[in-house]
Amino acid sequence: MAETMIVTPDQIEMRPGTRGNIKGLTVMHVNEGVPYITFLESAPHHYAQVHSHSEDEVMVVVQGRMLFNGRWCDVGSLIFVPAHEEYWYSTGDEACRVALIRPKGRGTFENGREDIAGDPAKPNSAKPDSAKPDSVNGSANDAAR
């Protein structure tokens, strides 16, 4: 069962993030269980790739501002993101700190479509024609013979 938690601004001690998929964050974990509560701070000019989480997420901007899915969110902005909904965010000239709560627990990070698709100029799974079976290459192999 969850208990009452109060964190005042003078108690916030940010540390470099040591795990997670979004690089360049500083964090302060308040509660790692249920509910999952943490503070995240993104440096100036930071971009968090398109992603989602397996759990609903509530964020409140407590310092700075961020561009969330194309909309500026200043101090006091509250953002609710349903589970599995993709989003991205970035910062401008100043860092941005958010209080983040996932009421049902931490859940999992899910890469967004842009990350799964990869860079079309650099396909990850492309194989040279010589690696394909003859039935696929057929006429190309016959012409080379």
Side-chain angles (χ1 to χ4, degrees), residues 1-138 140-141:
M1 173 177 250
E3 61 185 57
T4 301
M5 289 177 254
I6 298 173
V7 179
T8 58
D10 61 306
Q11 294 173 306
I12 299 172
E13 294 181 25
M14 304 302 287
R15 295 183 175 90
T18 56
R19 60 183 191 185
N21 297 75
I22 305 294
K23 305 299 180 213
L25 298 178
T26 55
V27 302
M28 178 186 160
H29 296 294
V30 176
N31 189 52
E32 298 251 9
V34 176
Y36 175 77
I37 303 171
T38 192
F39 286 95
L40 296 177
E41 186 169 299
S42 300
H45 307 289
H46 181 261
Y47 171 72
Q49 71 198 48
V50 175
H51 67 282
S52 64
H53 299 276
S54 61
E55 301 297 331
D56 291 344
E57 183 171 65
V58 177
M59 290 180 268
V60 178
V61 178
V62 297
Q63 187 176 48
R65 66 193 304 230
M66 70 174 166
L67 188 64
F68 185 91
N69 283 354
R71 183 172 176 187
W72 281 108
C73 298
D74 296 308
V75 170
S77 296
L78 182 136
I79 303 160
F80 172 75
V81 184
H84 309 291
E85 182 173 308
E86 292 186 348
Y87 69 91
W88 62 271
Y89 69 89
S90 63
T91 57
D93 291 335
E94 62 183 317
C96 179
R97 183 179 295 170
V98 299
L100 182 145
I101 302 167
R102 295 192 193 120
K104 295 181 181 177
R106 182 184 185 108
T108 59
F109 179 94
E110 300 167 349
N111 286 314
R113 288 182 299 243
E114 100 181 348
D115 192 50
I116 292 169
D119 183 350
K122 299 176 186 175
N124 295 337
S125 60
K127 296 179 183 174
D129 285 344
S130 61
K132 293 181 182 175
D134 287 344
S135 61
V136 174
N137 277 345
N141 284 341

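Only heavy atoms go into these numbers, but all of them, side chains included; no hydrogens, no water, no symmetry mates.
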Taking the side chain as C-beta and beyond, is there a heavy-atom pair between [X] and [Y] under 4.5 Å?
X     : Y     : result
Asn69 : Trp88 : yes
Val30 : Thr38 : no
Leu40 : Met59 : no

On a heavy-atom basis, which atom in [X] and which in [Y] lie closest, and how many Å separate them?
X      : Y     : answer
Val27  : Gly17 : CG2-CA, 4.1 Å
Cys96  : Thr91 : CB-CG2, 3.8 Å
Lys104 : Val34 : O-CG2, 3.8 Å
Gly107 : Ser54 : CA-OG, 3.2 Å
Phe68  : Cys73 : CB-SG, 3.9 Å

Only one of His84, Glu110, Arg102, Glu86 forms a side-chain hydrogen bond (donor to acceptor under 3.5 Å, both in side chains) with His53, so which one is it? Arg102
Would you call the rings of Phe109 and His51 parallel, tilted or perpendicular, taking 30° and 60° as the class edges? parallel
Under 3.5 Å, which donor-acceptor pairs do the side chains of residues 75-82 form with other protein atoms, sequence neighbours left out?
unit_1 : atom_1 : unit_2 : atom_2 : d
Ser77  : OG     : Asp74  : N      : 3.1
Ser77  : OG     : Asp74  : O      : 2.8

Pairs in or reaching into residues 36-45: which pass salt bridge (charged side-chain N to carboxylate O under 4.0 Å, His left out), with residues at least two apart or in two chains? Glu41-Arg97
Quick one: salt bridge (charged side-chain N to carboxylate O under 4.0 Å, His left out) partners of Glu55, sequence neighbours excluded?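 Per chain and number, Glu55 pairs via salt bridge (charged side-chain N to carboxylate O under 4.0 Å, His left out) with no residue.
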Begin with the C-alpha distance, continue with both residues' side-chain angles, and end with the deciding distance and a verdict on side-chain contact (heavy atoms from CB on, under 4.5 Å) for Glu3 and Asn31. CA-CA 10 Å; Glu3 61 185 57; Asn31 189 52; over 6 Å; no
If you measure from [atom1] on [X] to [atom2] on [Y], what distance do you get to the nearest 0.5 Å?
X      : Y     : atom1 : atom2 : result
Glu13  : Thr26 : CD    : OG1   : 12.5 Å
Arg106 : His29 : CZ    : NE2   : 5.5 Å
Ile101 : Tyr36 : CD1   : OH    : 11.5 Å

In terms of heavy-atom contacts, does CD of Gln11 have more than 12 from other residues, nucleotides or ligands at under 6.0 Å? yes
Answer yes or no: is there an ion pair linking Arg65 with Glu94, defined by an N-O contact shorter than 4.0 Å? no
